[in-house]
Structure formats: C-alpha cells, structure tokens
Protein chains: 2
Amino acid sequence: MGITIDDERLDAMFAALADRTRRDIVARLSTGEATVKELAAPYPMSLQAVSQHIGVLERCGLVSRGRHRQTRPCRLEPQVLESAVLWIEESRRVWAERMDRLETHLADLQEPQQR
Amino acid sequence: MGITIDDERLDAMFAALADRTRRDIVARLSTGEATVKELAAPYPMSLQAVSQHIGVLERCGLVSRGRHRQTRPCRLEPQVLESAVLWIEESRRVWAERMDRLETHLADLQEPQQR
DNA sequence: CACTTGATAAAGCTACTGCTTGACTAATGG
DNA sequence: CCATTAGTCAAGCAGTAGCTTTATCAAGTG
C-alpha cells in the first residue's frame, strides 16, 4: 500500500540530479527555455559534453528539446520532479509517525498509570 | 540570494538515492532501527555489499551507525533529506512563478488595453 | 554553390561503482 | 581457551559515467 513510484524512473532521476552541472542546467531552465549553446556557455567543458548532460536529463523526462531554425531549445518538464519529492516525503512521513508513537510511549512510561 | 545548499552534500545525497537497494534501506529504516544483518537479509547480495551500501548512506549523513554488543544498529537521519527536497522545490517554485508571469502576459495580450 | 553556425554521433580514455571473495577484528558463549 | 556471530577491510573485476576529440549533419548566409 502507499504510493509506489516507478523504480527505474527514480534511479534515472536521482542519478541525473547527482551531477552538479545537470542540477545547474535544471535550475537555469527553471527560469526559461535555452538553446544547447546558451546552456553550455558558462561551463569550461565542450559543447558536446553539455549536449550529453542534456541527453541524460531528457532520458529521465526532466527536460525536452524542441526545434527552432538550427537550434534545439530546451525546456524544463518539472512534473517528474514530483515523483522524487513524493518518494522522499513518504520516507520522512513514516519516520515522523514512528517518532510520534515513540514519544507517546515514552510519556506513558514516565507517567504512572492513573487507575 | 535564495537558499544555497552545499553542492557536495547534494551530489552525495542524490547519488546515494540513485540506487534502488539504498532507497530500499532508507525506506526500511524509516520504520525503525535495524542491524546490518537484518538489513542484508532480503537481498540476494553478500553482507559485505550491503555494508558498503550503508557506508554510502552514512557518508552523506542519511544514516548513522551505533554500537550494541556485537551489532551496529543503523538508524535513519531524515533531517538531511530536507536539503534534497529544498533544492527540488526551489527549481519548481522558480518555474511556477515564471509560468504565472507568462500567463498574465498572454492574458494582457489577448485583452486589449482599457485606456 | 561553398561556408558558417548549432548541434548530434561515435570512439576512446580515465575514474568511479557495485559487487565478489578472502582475510581479519571484536564481542559473546561453551 | 576455542568456536561462533556480527561486522569491517582490502583487493580485484566488470560495467558505467563523464569527459575528450574527430567526424558528420542540418539549417541558414555569403
């Protein structure tokens, strides 16, 4: 029971976000579309390397590429970020509930039974 | 400006969560402490492999290991999960704000200026 | 047409990951 | 004391990730 999110998608998404350059690109795209060349400009690596990073983001659904003249404008697809948040929040929820029960239990022990 | 979270920590955390076995261990630990042996039991891999996975989770602050008799009870440290959620929510917030402005702008274009 | 620009494809190289096995340590129990 | 249990350490190996360089393609521009 509980929300089950596709494991392969989570693998790919977390792996994609585990790279600073790719997180940077995601943050940049959250402010609007950009071409590969524009995205590559700030980095000391080749355009090809950045294109490969975008490929990783595209494969896990975080980014999509369109076509306009010779350029391939990239845009963020933020919906899938939701699945990562859902997974994290689920673990935190279970842990928090357990801590609540634990505190209640400890309080019960401390306070002698009133009967 | 805005919240800046330590990049190395995010690298390590997202990389740790990019593995199904490790996500599984995190989920298991959200329901309570467990020893290495207990955590390893469900998996077809060696105890050493699971111990290494726990090491990865420990290095990024998601899990801590205590000592009790011969065992090393592991427990979840869910606070650091917060930084991952914060990073994701920041990108989504920026994107959502931009979409709001875009909608407003499009509405302004559609509706002729009233003056 | 040839040339430039924006981008992908493919091959190769280094470094790291996930796993294995074998050896070791540390605490408990006969 | 020796044996067992729980776990770590270390070496090795196959597979992958992140880059590079070279080559190629596709869409303007002179």
Side-chain angles (χ1 to χ4, degrees), chain A residues 7-29 32-77 84, chain B residues 7-29 32-77 84:
Chain A
D7 268 325
E8 289 191 34
R9 159 142 294 179
L10 281 177
D11 278 358
M13 165 121 51
F14 280 125
L17 295 179
D19 184 278
R20 209 170 306 198
T21 304
R22 285 192 296 259
R23 280 200 307 278
D24 230 55
I25 290 174
V26 167
R28 163 71 184 77
L29 288 177
E33 293 196 1
T35 66
V36 177
K37 195 192 181 195
E38 286 163 351
L39 289 172
Y43 307 106
M45 68 186 77
S46 68
L47 183 77
Q48 291 91 325
V50 173
S51 181
Q52 284 167 8
H53 279 306
I54 296 170
V56 172
L57 292 169
E58 199 177 23
R59 248 168 274 127
C60 71
L62 279 170
V63 162
S64 65
R65 273 186 275 207
R67 276 177 193 280
H68 179 251
R69 302 185 163 242
Q70 322 90 302
T71 70
R72 309 291 311 274
C74 303
R75 69 173 158 283
L76 187 63
E77 301 290 343
Chain B
D7 267 327
E8 290 192 31
R9 158 142 295 178
L10 282 176
D11 278 359
M13 164 122 50
F14 280 125
L17 294 179
D19 184 279
R20 211 172 305 200
T21 304
R22 286 193 295 260
R23 281 199 308 277
D24 230 56
I25 290 174
V26 167
R28 164 69 184 76
L29 288 177
E33 294 196 0
T35 66
V36 178
K37 196 192 179 195
E38 285 164 354
L39 289 172
Y43 307 106
M45 68 185 76
S46 68
L47 183 76
Q48 289 94 320
V50 173
S51 181
Q52 284 167 7
H53 278 306
I54 296 170
V56 172
L57 293 170
E58 200 177 22
R59 247 168 273 127
C60 72
L62 279 170
V63 162
S64 65
R65 272 186 276 205
R67 276 177 192 279
H68 179 252
R69 300 185 165 240
Q70 321 89 304
T71 71
R72 311 289 314 271
C74 304
R75 69 171 160 284
L76 188 61
E77 301 290 343

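Below, chains carry the letters A, B, ... as their sequence lines are ordered, and counting in each starts from 1.
Remark: C1' of D/dC19 and CD1 of A/Ile54 are 15 Å apart, rounded to the nearest angstrom. What separates CD1 of A/Ile25 from C1' of D/dC19 is a distance of 14 Å, to the nearest Å. Distance NE2 (B/His68) to C1' (D/dA6): 13 Å, rounded to an integer number of Å. Atom CG of B/Leu39 and atom C1' of D/dT8 are 15 Å apart (whole Å).
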What nitrogen or oxygen pairs link the protein and nucleotides 20-24 of chain D at under 3.5 Å?
from, atom 1, to, atom 2, distance (Å)
D/dT20, OP2, A/Ser46, N, 2.9
D/dT20, OP2, A/Ser46, OG, 2.9
D/dT20, O4, A/Gln52, NE2, 3.1
D/dT22, O4, A/Gln48, NE2, 2.7

Protein-nucleotides 25-27 of chain D N/O pairs closer than 3.5 Å?
none

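Between B/Ala18 and A/Asp11, the closest heavy-atom pair is O-OD1, 3.3 Å. Contact between A/Met45 and A/Ala49 at its shortest, heavy atoms only, is SD-CB, 3.6 Å. What you find for A/Val50 and A/Val36 is that their closest heavy atoms are CG1-O, 4.4 Å. A/Thr35 and A/Glu38 make their closest contact through N-OE1, 2.9 Å (heavy atoms, listed as atom of the first residue, atom of the second, distance).
Under the 3.5 Å distance criterion, the side-chain polar atoms of B/Arg23 are matched with a main-chain donor or acceptor of A/Asp7. Here the side chain of A/Arg22 pairs a donor or acceptor atom with the backbone of A/Ala16 at under 3.5 angstrom. With A/Arg72 contributing its side chain and A/Gly66 its backbone, the two residues share a donor-acceptor pair below 3.5 Å.
In this structure, A/Thr21 reaches neither bases nor backbone, as no heavy-atom distance under 4.0 Å exists between it and the strands shown. As judged by a 4.0 angstrom heavy-atom cut-off over every strand, A/Arg20 is placed among residues making no nucleic acid contact.
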Practice item. Please test A/His53 against A/Leu39 for side-chain contact (heavy atoms from CB on, under 4.5 Å), starting from the C-alpha separation and ending with a verdict. Key: CA-CA 10 Å; A/His53 279 306; A/Leu39 289 172; over 6 Å; no
Point to revise | Stepwise side-chain contact (heavy atoms from CB on, under 4.5 Å) test for B/Val56 and B/Asp19 | key: CA-CA 10 Å; B/Val56 172; B/Asp19 184 279; over 6 Å; no
Practice item. Report the C-alpha separation of A/Leu17 and B/Leu17 in whole Å, then their side-chain angles, then the decisive distance to 0.1 Å, and conclude whether the side-chain contact (heavy atoms from CB on, under 4.5 Å) test is met. Key: CA-CA 10 Å; A/Leu17 295 179; B/Leu17 294 179; over 6 Å; no
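Residue B/Glu33 forms a salt bridge (Lys or Arg N to Asp or Glu O under 4.0 Å) with just one option from B/Arg28, B/Arg75, B/Arg65, and that option is B/Arg75.
Along DNA chain C, the stretch of nucleotides lying under 4.0 Å from any heavy atom of chain B spans, 5' to 3', C/dG18 to C/dT28.
Not one side-chain nitrogen or oxygen of B/Arg65 sits closer than 4.0 Å to the OP1 or OP2 atom of D/dG7.
The B/Lys37 side chain lies nearest to D/dA6 when the options are D/dT8, D/dA6, D/dC19.
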